Amino acid sequence: MTASTRPPVVRIAPSPTGDPHVGTAYIALFNYAFAKQQGGSFILRIEDTDQARSTRQSEAMILESLRWLGIQWDEGPDIGGPSAPYRQSERLDIYRRHVADLVAAGEAYWCTCTAERLDGVRKEQTARKENPGYDGHCRFRDPAAVRAEIDAGTPGVVRLKVPRGANDPKAGADAASHDVKVAFVDRLRGSVEFHTREIDDQVLQKSDGFPTYHLANVVDDHLMGVSHVLRGEEWISSTPKHILLYAAFGWEAPEFAHLPLLRNADKSKVSKRKNPVSLRWFRECGYLPDAMVNFLGMMAFTFADGREIFSLSDFVQHFTLDRVSLGGPVFDLKKLLWLNGRYLREKRSDDEVVAYLKAQLFNDGYLRSIVKIAKERFEKSDDFIAYAPWFFTASPYVEAGGDGSDLLVKGRTKKETLAILESLVERVDVAFDFSEERVKALLELWCADHGMTPKEAFMPVRLLLSGKKATPGLPESMAVLGRERVRTRIRAVLPLIQKLPEAPKADASKADAPKADAPKADAPGTSPKADDPKAVGEPKPPTSTTAPRA
RNA sequence: GUCCCCAUCGUCUAGAGGCCCAGGACAUUGCCCUUUCACGGCAAUGACGGGGGUUCGAAUCCCCCUGGGGACGCCA
């Protein structure tokens, strides 16, 4: 293998379909370290082949977030490079040529099956307890006939002709007499083998003419000279498809190493429902980039000397695949928080902390936006802090002693309120434009969809966001707080409501024997949590102990 | 359901046959420092999923079971 003697070429290939994800940074970090340590190069490639979901805005946020962490790429859409362009939507002609080659070589075929037919096939297969997968209908039709349909304007896709063994339910005339297997070596686990009967005749080119991930990723990795593919474990089962594709093209496949997936507290793949995953959220909440990198590096890797505090360059210097562990690491915010604290007090001077606080909380832009909506509501400087502390604290509602009982939407049950608030977070989640006008529109639509008036719906939201009944207008307050803070605060309150007694009276009695499961709601100041400085600037994310049940 | 991957304290993990009646870190609890809180220091609680092998000897190797995860899209 000559590949191993040359400096490695690796890549991170994010899909720009939303918030910059912490998993992207994690995988990017490992790729970066692997390449840099051996003097190799690190490519950033944008996989925007999903026309419906990809946005330039998301792409920009991803680049910005990786830069924030200090993960520098050698080639990418913004800086170019020898294999430009680095945005797959700009490489369409390349993929089309390669797809045509495959069809010409008999390694792929056109397919005009409709979504309805595919659905039906899948249903039948499931009923027969077979693995769902394309049945090869068009694979065994006369190619000229299919071609004619395409030429006449019938939408069609191109599929990979996966080699079949005779005992394969999807086998046809071209099946081999023996079992066909595909194997590859994963650098972290050794040889992994699949039967082709488990593999679908994968779509390579969609009917909109765009390539699928599988095709684009193989073509680009080959053309860009990628030598090692370090990616998430979720890709293991797609790897045989990629191996087949490399073979179909007659190319040598790169080496593979599948890194364990970041997990929620319940061990499922990390997700925004159960964990903060947006890099923007971490940044917004005051997490330091070097602490973040340290923490991410700690997931699935340990230094031989046992050190736990390390910089990006330490990580680059000492990284080795040999010390990557395979158990899926739970993304534990508690440890991140501790690390962040250490970085703050050990790796930042007082002046740097001042600069940090100014940048995070007391920057002109934020202050100005607050003043704009709060100016007529206070008389002197210290009144301002008393009036609007919630712009600067993480969990104002809980800190004010809220237990969720005053968060029920008027006339709605606990369950209904939960659904209503969940619907609000979902809308906030996708509201990348969080301007006052957009928020206002969002709220109006939300109210309408749930048959509520603003009067009924706004107070609970105001309360959960600020811990106060008197605030500036809700839409403008939300816009100032920003999307990250807003969604965190809504999510943080869901478990509280969840824990409320089943049929709460609108005016729950103040009797002395409250349900034991009601959270402690000490008056502010007497609660040990309320004046805990650690809580300041630290939104309560839904961690294991507080996460709402899925 | 099928295929694939994984399996040490609650969490991140050390451990590549004897150095391990399993070490560190976070979290938790207690004590010390301290006018308070925090930081810091000290200490405690706490794990090799189960069963079979192999071996003089297994957390470490093999098999089975169990558990967890991922994948089964014209999403990546």
Side-chain angles (χ1 to χ4, degrees), chain A residues 13-18 21 23-24 46-54 88 111-115 118-119 122 125-134 155-159 184 186 188-190 192-200 202-217 231-241 258 260-270 295-309 322-323 325-339 341-342 344-346 528 531-534 543-545:
Chain A
S15 179
T17 54
H21 199 275
T24 303
I46 297 296
E47 308 233 325
D48 56 348
T49 54
D50 184 341
Q51 288 195 81
R53 296 197 304 146
S54 297
Q88 291 186 329
C111 166
T112 54
C113 290
T114 60
L118 262 24
D119 256 17
R122 244 185 289 274
Q125 287 165 329
T126 310
R128 268 183 274 129
K129 300 198 169 170
E130 278 172 26
N131 296 329
Y134 185 60
V157 302
V158 175
R159 288 178 184 274
F184 66 94
D186 180 292
L188 297 171
R189 340 163 190 256
V192 181
E193 193 179 77
F194 289 82
H195 285 72
T196 58
R197 61 178 297 163
E198 308 292 342
I199 305 168
D200 208 356
Q202 192 58 47
V203 171
L204 303 178
Q205 182 175 294
K206 308 181 236 181
S207 55
D208 64 0
F210 273 54
T212 58
Y213 167 82
H214 302 289
L215 189 272
N217 136 77
R231 67 205 333 181
E233 198 177 6
E234 54 196 334
W235 294 108
I236 290 181
S237 49
S238 303
T239 306
K241 296 169 189 171
H258 292 92
L261 260 21
L262 258 24
R263 311 295 185 95
N264 297 312
D266 65 4
K267 291 281 186 183
S268 56
K269 178 163 96 166
V270 76
F295 183 65
L296 254 16
M298 195 174 246
M299 303 279 97
F301 181 79
T302 50
F303 278 67
D305 62 13
R307 86 181 82 164
E308 289 192 293
I309 305 294
D322 295 340
R323 295 195 63 83
S325 51
L326 295 178
V330 171
F331 193 82
D332 180 11
L333 274 313
K334 291 245 181 69
K335 194 154 186 175
L336 207 211
L337 189 57
W338 163 78
L339 254 182
R342 281 198 65 161
L344 216 43
R345 66 185 96 94
E346 292 174 18
D531 54 356
D532 179 354
K534 256 193 166 173
T543 53
S544 56
T545 49

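Residue numbers start from 1 in every chain, and the chains themselves are labelled A, B, ... in the order their sequence lines are given, proteins ahead of strands. All values derive from a computational prediction rather than experimental measurement. Atoms considered below: every heavy atom in the structure, side chains included; atoms not considered: hydrogens, waters and symmetry mates.
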Identify all pairs in which a protein N or O lies below 3.5 Å from an N or O of nucleotides 62-70 of chain B, and state each distance.
| from | atom 1 | to | atom 2 | distance (Å) |
| --- | --- | --- | --- | --- |
| B:G69 | O4' | A:Arg263 | NH1 | 3.4 |
| B:G69 | O2' | A:Arg263 | NH2 | 3.4 |
| B:G70 | OP1 | A:Lys269 | N | 3.0 |

In whole angstrom, what separates A:Phe331's CZ from B:C26's P? 18 Å

Given atom CE of A:Met299 and atom P of B:U13, what is their separation to the nearest angstrom? 6 Å

State the pairing partner of B:U29; accept Watson-Crick or G-U wobble contacts with both distances under 3.5 Å, and report none otherwise. B:A43

Considering all heavy atoms of both residues, which atom of A:Ala216 and which atom of A:Gln88 are nearest to each other, and what is their separation? CB-NE2, 3.4 Å

Euclidean distance, atom CG of residue A:Leu188 to atom P of B:C5 [Å, nearest integer]: 13 Å

Non-hydrogen atoms of A:Asp186 and A:His258 that approach each other most closely: OD2-ND1, 2.7 Å

Base paired to B:U60 (Watson-Crick or G-U; both N/O distances under 3.5 angstrom): none

Check step by step if salt bridge (charged side-chain N to carboxylate O under 4.0 Å, His left out) holds for A:Glu233 and A:Arg189. CA-CA 11 Å; A:Glu233 198 177 6; A:Arg189 340 163 190 256; 3.6 Å; yes

What contact category does A:Thr49 fall into here, base, sugar-phosphate, or nothing, at under 4.0 angstrom with non-hydrogen atoms? sugar-phosphate

Residue pair A:Glu234 / A:Leu261, side-chain heavy-atom distance below 4.5 Å: yes

Which whole number of Å gives the distance between the C1' atom of B:C9 and that of B:A71? 31 Å

C1' atoms of B:G10 and B:C19, separation to the nearest Å: 29 Å

Taking the minimum atom-to-atom distance to the side chain of A:Glu308, which one of B:A76, B:C12, B:A25 wins? B:A25

So A:Val157, base contact, sugar-phosphate only, or nothing? Heavy-atom distance under 4.0 Å. base

Taking the side chain as every heavy atom from C-beta outward, state whether A:Ile46 and A:Pro14 have any atom pair closer than 4.5 Å. yes

From CD of A:Gln202 across to P of B:C72 the rounded distance in Å is 9 Å

Take atom C1' in B:G73 and the same atom in B:G17, then report the distance between them in whole Å. 47 Å

Check every strand shown and say whether A:Gly328 touches a base, only sugar-phosphate, or nothing at a heavy-atom separation below 4.0 Å. sugar-phosphate

Paired with B:C19 by Watson-Crick or G-U wobble geometry, both distances under 3.5 Å: which nucleotide is it? none

Shortest non-hydrogen separation from A:Gly328 to A:Pro260 and the atoms involved: CA-CB, 4.1 Å

Say you pick atom P in B:C63 and the same atom in B:C6; how far apart are they, in whole Å? 12 Å

Enumerate the protein-to-nucleotides 40-46 of chain B contacts in which both atoms are nitrogen or oxygen and the separation is below 3.5 Å.
| from | atom 1 | to | atom 2 | distance (Å) |
| --- | --- | --- | --- | --- |
| B:G40 | OP1 | A:Arg345 | NH1 | 3.3 |

Mate of B:C48 where both pairing distances stay under 3.5 Å, Watson-Crick or G-U: none

Looking across every strand, which nucleic acid part, if any, lies under 4.0 Å from A:Ala300 by heavy atom: base, sugar-phosphate, or nothing? sugar-phosphate

Looking only at the side chain of A:Pro329 (C-beta and beyond, no hydrogens), which of the listed nucleotides B:A76, B:C12, B:C6 gets closest? B:C12

A:Asn131 atom CG is separated from B:U2 atom C1', nearest whole Å, by 4 Å

Looking only at B:G1, B:C6, B:A76, the nucleotide nearest the A:Arg189 side chain is B:C6

For the C1' atoms, the ones on B:G41 and on B:G50, what distance do you get once it is rounded to whole angstrom? 42 Å

Any side-chain heavy-atom pair of A:Glu346 and A:Ile309 under 4.5 Å: no

Grab the two heavy atoms, one from A:Pro16 and one from A:Glu47, that are nearest each other, plus how far apart they are. CD-O, 3.5 Å

Please test A:Asp332 against A:Lys334 for salt bridge (charged side-chain N to carboxylate O under 4.0 Å, His left out), starting from the C-alpha separation and ending with a verdict. CA-CA 5 Å; A:Asp332 180 11; A:Lys334 291 245 181 69; 5.7 Å; no

Is there a Watson-Crick or G-U wobble partner for B:U54 with both distances under 3.5 Å, and if so, which one is it? none

When rounded to whole Å, the CG to C1' distance for the pair A:Leu337 and B:A38 reads 13 Å

Would you say A:Asn131 and A:Glu198 are linked by a side-chain donor-acceptor pair, where the criterion is simply a distance under 3.5 Å? yes

If we take the C1' atom in both B:G18 and B:U54, what is their distance in whole Å? 16 Å

Quick one: is A:Arg122 getting a side-chain N or O under 4.0 Å of the B:G73 phosphate, OP1 or OP2? yes

Report the C-alpha separation of A:Glu308 and A:Lys335 in whole Å, then their side-chain angles, then the decisive distance to 0.1 Å, and conclude whether the salt bridge (charged side-chain N to carboxylate O under 4.0 Å, His left out) test is met. CA-CA 11 Å; A:Glu308 289 192 293; A:Lys335 194 154 186 175; 3.5 Å; yes

Do any side-chain nitrogens or oxygens of A:Lys335 fall under 4.0 Å of OP1 or OP2 in B:G10? no

Using whole Å, what does the distance between atom P of nucleotide B:C4 and atom CG of A:Asp200 come to? 17 Å

With both distances under 3.5 angstrom, what nucleotide forms a Watson-Crick or G-U wobble pair with B:G73? none

With a non-hydrogen cut-off below 4.0 angstrom, is A:Glu193 in contact with a base, only sugar-phosphate, or nothing? sugar-phosphate

Give a yes or no on whether a salt bridge exists between A:Asp208 and A:Lys206, defined as a side-chain N under 4.0 angstrom from a carboxylate O. no

Atom pairs, protein N/O to nucleotides 14-16 of chain B N/O, distance under 3.5 Å:
| from | atom 1 | to | atom 2 | distance (Å) |
| --- | --- | --- | --- | --- |
| B:A14 | OP1 | A:Thr302 | OG1 | 3.3 |
| B:G15 | OP1 | A:Arg323 | NH1 | 3.1 |

Separation between the P atoms of B:U2 and B:A47, rounded to whole Å: 35 Å

Pairwise C1' distance, B:C20 and B:U60 [rounded to whole Å]: 11 Å

Between the main-chain N or O of A:Val203 and the side-chain N or O of A:Thr212, is there a donor-acceptor pair closer than 3.5 Å? yes

Should the pair A:Trp235 and A:Tyr213 be assigned to parallel (<30°), tilted (30 to 60°) or perpendicular (>60°) ring geometry? parallel

For B:U36, the Watson-Crick or wobble counterpart (both distances under 3.5 Å): none

Could you walk me through whether A:Phe194 and A:Ile236 pass the side-chain contact (heavy atoms from CB on, under 4.5 Å) check? CA-CA 10 Å; A:Phe194 289 82; A:Ile236 290 181; 4.2 Å; yes

B:C9 -> Watson-Crick or G-U wobble partner, both distances under 3.5 Å, gives none

From CZ of A:Arg307 over to C1' of B:U13, roughly how many Å is that when rounded to an integer? 16 Å

